[in-house]
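What follows is a short report on a single structure.
Each chain gets a letter, A, B and so on, in the order the sequences are listed, and its residues count up from 1.
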Amino acid sequence: MDMNPIQKNKSAKTASKLVRRAKSKKRKCIATNDVQVAETPSEFSFAIAKIAVAQICRSTGFKTSKYNALEILTNVSTRYLETMVRSAASFANASNRTDSNLFDLINGIHDLSSVQGFPGGSLMHKGNLLRSSALKDIMNFANLSNKVPFANPIPVRNVSDATSSSTCLFDQETKSHIPTWLPHFPKENCDQVLIKERKCGEKLWEQSLAREENSVILQSNDINGKEEKETRMELPKKREKMKFKIGGEEKQVGLGVNMMNGVYKGRKRVSWNNHKIYCMVEENEEEKR
Amino acid sequence: MNHNPQSSEGRHDDDAALSDFLASLMDYTPTIPDELVEHYLAKSGFQCPDVRLTRLVAVATQKFVAEVAGDALQHCKARQATIPKDKRDKQQKDKRLVLTMEDLSKALREYGVNLRHQEYFADSPSTGMDPATRDE
């Protein structure tokens, strides 16, 4: 958000009692936890929303607020926003679009303001959406209410980091779901390298990367077999073994096999499902030995 | 289509007003910051590169919050007005406008949100009450 210096001064002045109160509350929480940052992104966004809601409350005339009340109002308003936007997105999807437009948003606004009712609500689907009175109300509100800009500009994470992570799609540190033993993703211009290599001949990307790194060695190597061996990349970390345990002891699993009928004779399991589990349990026991 | 010249003029005015409003959203700074709205937009699957729509969402939400807060303020003022005059001095401290759960729940009920206090269990009916009111 680009704010000119005048607005900044103004916003500094309008740092209201409510906001300060909210902040002090936040500080208290932080002091008790000894953590300087919000623990989750949702907490962070909620804290920001709380400040904004507090500012709005102050602009309507409240001097102070109970902590719970402010929190609930923030909760309701964020839900309101999300619901409105979600219904707008669903309107867009229903008409085979991924990007929403003004009409979808107006429909979303209608959805939420129909609880209260608005003039022309009965002819909602006949009239022109752009002439909806719900939208007009919002226009009037925006024109008539006094504008209170947000108290403090939100600190944005380093922009260069964000752009670099977007250009190189695979930043290992940001992706927590990728196991650590997998080889690192190529750092820069990964897609370009890939395309070039593909055109020359089908090759896996780790081979191409390894070739770049070992290019000096590869030039001296003439034999293809050796080259292939060298290009096999070592994993950065040894992959840990995976074990699956299915029940420490024998368990009779469903499928009605434990009924004393033809299938279940003389304590011998005929069901394939149980047979499988039985075998695996035996294997487990062997391992234990 | 428009047989009535007045209505067509009115429509033109409406369209002009709408386009003016949308244009003015470019320079408008809502109380709810753009970054916050964009976070919630992304969370809900709303894709739109237009900043004006983001601002419109922010303004709509701001209007909702302002309306709820305004209703709560009216409830608050009405509640304070019902206090008899002899007691008003005693509760002069409470004259400040405070957003309380009581008023907020009344205000939100009109918007379809049912808000309840937590159940309060006490040994006797007078346990949690103000000592001043307990004497009566």
Side-chain angles (χ1 to χ4, degrees), chain A residues 1 3 7 18 41 45 48-49 52-53 55-57 59-66 68-70 72-73 76-78 80-86 88-90 92-93 98-102 105 109 112 115-116 128 130-131 135-139 141-143 145 147-150 153-154 156, chain B residues 11 14-15 17-18 20-22 24-25 28-37 39-41 43-50 52-53 55-70 72-73 76-77 96-105 107-108 110-113 115:
Chain A
M1 190 164 65
M3 291 177 84
Q7 276 174 328
L18 277 168
S45 60
I48 290 175
V53 168
Q55 277 184 302
I56 297 170
C57 285
S59 73
T60 53
F62 278 110
K63 293 283 178 267
T64 48
S65 145
K66 286 272 160 64
N68 287 345
L70 184 60
I72 282 169
L73 187 55
V76 170
S77 55
T78 53
Y80 180 88
L81 196 156
E82 270 190 60
T83 314
M84 179 170 67
V85 159
R86 193 167 288 148
S90 77
N93 290 340
T98 50
D99 283 14
S100 311
N101 57 24
L102 181 62
L105 191 57
I109 291 169
L112 278 178
V115 178
Q116 287 271 291
N128 194 337
L130 293 177
R131 257 166 238 134
L135 185 65
K136 248 175 232 166
D137 285 348
I138 292 174
M139 281 163 61
F141 174 79
N143 292 330
S145 69
K147 297 165 183 64
V148 187
F150 192 67
I154 299 170
V156 183
Chain B
R11 283 183 183 187
D14 284 352
D15 291 346
L18 180 64
D20 282 352
F21 170 65
L22 286 176
S24 72
L25 280 178
Y28 187 80
T29 46
T31 311
I32 303 170
D34 283 351
E35 290 91 340
L36 185 73
V37 179
H39 167 77
Y40 282 111
L41 293 193
K43 205 174 153 191
S44 320
F46 185 94
Q47 286 181 7
C48 187
D50 200 345
R52 292 176 294 177
L53 280 199
R55 300 251 166 91
L56 184 59
V57 172
V59 173
T61 313
Q62 192 179 333
K63 175 168 171 282
F64 172 75
V65 177
E67 277 177 359
V68 173
L73 187 72
C76 182
K77 280 179 178 168
R96 295 180 307 164
L97 297 169
V98 186
L99 177 67
T100 55
M101 289 284 286
E102 194 183 348
D103 301 327
L104 186 67
S105 63
L108 279 176
E110 293 166 26
Y111 292 85
V113 182
L115 202 65

Note to self: What I'd like to find out is whether the side chain of Thr78(A) reaches to under 4.5 Å of the side chain of Leu36(B), using heavy atoms alone.
What the structure shows: no
Notebook entry, point to check: Quick one: CG on Leu73(A) to CZ on Phe64(B), what's the gap to the nearest 0.5 Å?
Noted result: 7.5 Å
Next item on the list: Select, from Leu56(B), Val113(B), Leu108(B), Leu25(B), the one with the greatest count of heavy-atom pairs under 4.5 Å involving chain A.
Entry: Leu56(B)
Next item on the list: Determine whether Leu115(B) and Val76(A) make a side-chain contact, defined as any pair of heavy atoms from C-beta on separated by less than 4.5 Å.
Entry: no
Notebook entry, point to check: Considering only heavy atoms, which portion of Val65(B) lies under 4.5 Å from any heavy atom of chain A: side chain, backbone, both, or neither?
Noted result: both
Next item on the list: Identify which of Leu130(A), Asn143(A), Thr83(A) forms the greatest number of heavy-atom pairs closer than 4.5 Å to chain B.
Entry: Leu130(A)
Notebook entry, point to check: At their closest point, which heavy atom of Ala69(B) faces which heavy atom of Thr60(A), and how far apart are they?
Noted result: CB-OG1, 3.6 Å
Item checked: Heavy-atom pair with the smallest gap, counting every atom of Phe150(A) and Thr31(B) -> CD1-O, 3.3 Å
Next item on the list: Name the region of Asn128(A), side chain, backbone, both or neither, that has any atom closer than 4.5 Å to a heavy atom of chain B.
Entry: neither
Next item on the list: Would you check if Asp15(B) and Arg131(A) make a side-chain contact, meaning some heavy-atom pair closer than 4.5 Å?
Entry: yes
Notebook entry, point to check: Non-hydrogen atoms of chain A under 4.5 Å away: do they reach the side chain of Val59(B), the backbone, both or neither?
Noted result: both
Check: Non-hydrogen atoms of chain A under 4.5 Å away: do they reach the side chain of Tyr111(B), the backbone, both or neither?
Finding: both
Item checked: Portion of Glu82(A) that has a non-hydrogen atom of chain B nearer than 4.5 angstrom -> both
Checklist line | Region of Val85(A) that comes under 4.5 Å of a non-hydrogen atom in chain B | finding: both
Margin query: Is Met139(A) close to chain B through its backbone or its side chain, or both, or neither, when contacts mean heavy atoms under 4.5 Å?
Written below: both
Next item on the list: Under 4.5 Å, counting heavy-atom pairs only, tell me which of Leu81(A), Val115(A), Asn68(A) racks up the most with chain B.
Entry: Leu81(A)
Checklist line | Beyond-backbone contact of Asn101(A) with Cys48(B), side-chain heavy atoms, under 4.5 angstrom | finding: no
Next item on the list: Name the member of Val57(B), Val37(B), Asp50(B), Ile32(B) that forms the most heavy-atom pairs with chain A at distances under 4.5 Å.
Entry: Val57(B)
Note to self: Measuring from atom CZ of Arg52(B) to atom CG of Leu105(A), what distance do you get when rounded to the nearest 0.5 angstrom?
What the structure shows: 12.5 Å
Next item on the list: Using non-hydrogen atoms and a 4.5 Å limit, figure out which bit of Leu112(A) sits close to chain B: side chain, backbone, both or neither.
Entry: neither
Next item on the list: Find the distance between CG (Leu41(B)) and OG (Ser100(A)) and round it off to the nearest 0.5 Å.
Entry: 9.0 Å
Note to self: So, taking the atom named CE in Met101(B) and the one named NZ in Lys66(A), what distance separates them when rounded to the nearest 0.5 Å?
What the structure shows: 10.0 Å
Next item on the list: Please name the residue in the list Leu99(B), Leu73(B), Leu104(B), Leu97(B) that meets the side-chain contact (heavy atoms from CB on, under 4.5 Å) test with Cys57(A).
Entry: Leu99(B)
Check: What closest approach, in Å, do Ala142(A) and Tyr28(B) show between heavy atoms, and which atom pair accounts for it?
Finding: O-CE1, 4.0 Å
Item checked: Contact class of Ala17(B) relative to chain A, heavy atoms under 4.5 angstrom -> both
Next item on the list: Would you give the length of the straight line joining atom CD1 of Ile72(A) to atom OG of Ser105(B), rounded to the nearest 0.5 angstrom?
Entry: 8.5 Å
Margin query: Once rounded to the nearest 0.5 Å, what's the spacing between atom CZ of Phe62(A) and atom OG1 of Thr100(B)?
Written below: 7.0 Å
Checklist line | Check: Ala52(A) main-chain N/O paired with Gln62(B) side-chain donor or acceptor under 3.5 Å | finding: no
Next item on the list: Check Asp99(A) against Pro49(B) and note the closest heavy-atom contact, atom names and distance.
Entry: OD2-CD, 3.9 Å
Next item on the list: With a 4.5 angstrom heavy-atom cut-off, could you sort out which part of Ala72(B) is near chain A: side chain, backbone, both or neither?
Entry: both
Next item on the list: Below 4.5 Å from any heavy atom of chain B, which atoms of Leu102(A) appear? Answer side chain, backbone, both or neither.
Entry: both
